[in-house]
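Take a look at the structure set out below.
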Amino acid sequence: MEPPHRVVLLAGPSGSGKSYIARQTGLPVLCLDDFYKNGDDPSLPRRDGQIDWESPASWDAETAVEVITRLARHGRADVPVYAINEDRRVATRPFELADSPLFVAEGIFAAEIVEECRLRGLVAGAYALRRPRGATFLRRLARDLAEQRKGPRVLLRRGVTLLRAEPAVLRRQTGLGAEAARAREILRQVAGLHRPGQPPAR
């Protein structure tokens, strides 16, 4: 039986504007960054002695899929609230879809769960947001500085690392089943999913 709600998974490099594009759809938005593991979790991956927050292993994919499944089937779920500057979950909050048949789940690791969500029959569409690398670098740095996620030197060093890694990130996300697309194209395709009789995106 098809669930009453379906998810649009939105991946893309860090700072590419996923949250903004998700809001532009007008649909309920689930932030997948809230499913990061706590900073004291012994399973967190490390690189050069530091936690590697860019690794999918730093993220709780299993819980994210379970929450998406509950939302698709029941229209409501309790979701975590994660404080990035504290590296931990600080609360939970209720998330409800009301009468919306679609919702967006956005985050850098969204592509990691495309296959599992498709197997469960939950996916309306899956995209990887593609922008010019320079624009993404500036957007990400401005966001992280404004939110005081880390110290300025750490953020600048991280930004340069992510700038270099961006092509590989997109290759991985498309390899996992997300369609690489510009912002305008994603918004157009998601708008098409609202139309009666529109077939699900593959």
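Pairing each heavy atom of Asp33 with each of Gly107, the nearest pair is OD1-CA, 4.1 Å. For the pair Lys18 and Gly12, the tightest heavy-atom approach, listed with the atom from each and the gap, is NZ-O, 3.4 Å. When all heavy atoms of Gly39 and Trp53 are compared, the closest pair comes out as CA-CH2, 4.0 Å. Of all heavy-atom pairs spanning Gln173 and Ala128, the tightest one is OE1-CB, 3.7 Å. Shown here for Val29 and Ala22, the closest heavy-atom pair between the two residues is CG2-O, 3.6 Å. What you find for Leu32 and Trp59 is that their closest heavy atoms are O-NE1, 2.7 Å.
Residues Leu170 and Pro13 are in side-chain contact: their nearest non-hydrogen atoms beyond the backbone lie under 4.5 Å apart. Within the 4.5 Å cutoff, no side-chain heavy atoms of Asp52 are placed close to those of Arg46. In this structure, Leu102 and Val7 have side chains that are not in contact, with every pair of non-hydrogen atoms separated by 4.5 Å or more. Counting heavy atoms from C-beta outward, Val104 and Leu27 have side chains that approach closer than 4.5 Å. Within the 4.5 Å cutoff, side-chain heavy atoms of Tyr127 are placed close to those of Val190. For the pair Val123 and Arg6, the minimum side-chain heavy-atom distance is 4.5 Å or more.
Qualifying ring pair (Phe, Tyr, Trp, His ring centres under 6.0 Å) partners for Phe95, counting only residues two or more places apart in sequence or in other chains: none.
Classified by interplanar angle (parallel below 30°, tilted 30° to 60°, perpendicular above 60°), the ring pair Tyr36/Tyr82 is tilted.
Taking a cutoff of 4.0 Å between a charged side-chain nitrogen and a carboxylate oxygen, Asp60 and Arg89 qualify as a salt bridge. Salt-bridge check for Glu112 with Arg172: passed, with a basic side-chain N closer than 4.0 Å to an acidic carboxylate O.
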Applying side-chain contact (heavy atoms from CB on, under 4.5 Å), run through Ile186 and Ile21 and close with a yes or a no.
CA-CA 8 Å; Ile186 292 171; Ile21 296 304; 4.3 Å; yes
Side-chain atoms of residues 64-76: list all donor-acceptor pairs with protein atoms under 3.5 Å, sequence neighbours left out, distances to 0.1 Å.
unit_1: Glu66; atom_1: OE2; unit_2: Arg120; atom_2: NH1; d: 3.1
unit_1: Glu66; atom_1: OE2; unit_2: Arg120; atom_2: NH2; d: 3.0
unit_1: Thr69; atom_1: OG1; unit_2: Val65; atom_2: O; d: 2.8
unit_1: Thr69; atom_1: OG1; unit_2: Arg120; atom_2: NH1; d: 3.0

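For the atom pair CG of Leu44 and CD1 of Ile51, the computed distance is 5.0 Å after rounding to the nearest 0.5 Å. The structure places OG of Ser16 at 9.0 Å from CD of Glu106, a figure rounded to the nearest 0.5 Å. To the nearest 0.5 angstrom, Arg131 atom CZ is 5.0 Å from Leu129 atom CG. With values rounded to the nearest 0.5 angstrom, Ile113 atom CD1 is found 11.0 Å from Leu176 atom CG. Considering NZ of Lys37 and OG of Ser43, their distance stands at 3.0 Å, rounded to 0.5 Å. Note that the CZ atom of Phe109 and the OG atom of Ser14 stand 9.0 Å from one another [nearest 0.5 Å].
Summarising the local packing, CD of Glu185 is surrounded by more than 12 heavy atoms from other residues, nucleotides or ligands at distances under 6.0 Å. Atom CD of Glu86 is surrounded by more than 12 heavy atoms from other residues, nucleotides or ligands within 6.0 Å.
Put simply, the side chain of Asn38 never gets that close to the backbone of Asp41: no donor and acceptor are under 3.5 Å apart. A donor-acceptor pair under 3.5 Å is formed between the side chain of Ser58 and the backbone N or O of Ser55.
Using modelled atom types, one finds no donor on one side chain facing an acceptor on the other under 3.5 Å when comparing Glu179 with Thr174.
Side-chain heavy-atom separations under 4.5 angstrom define the hydrophobic clusters, and the remaining members of the one that includes Val90 are Val81.
In the hydrophobic cluster analysis, where Ile, Leu, Val, Met, Phe, Trp and Tyr join through side-chain heavy atoms closer than 4.5 angstrom, Val169 is grouped apart from Leu10.
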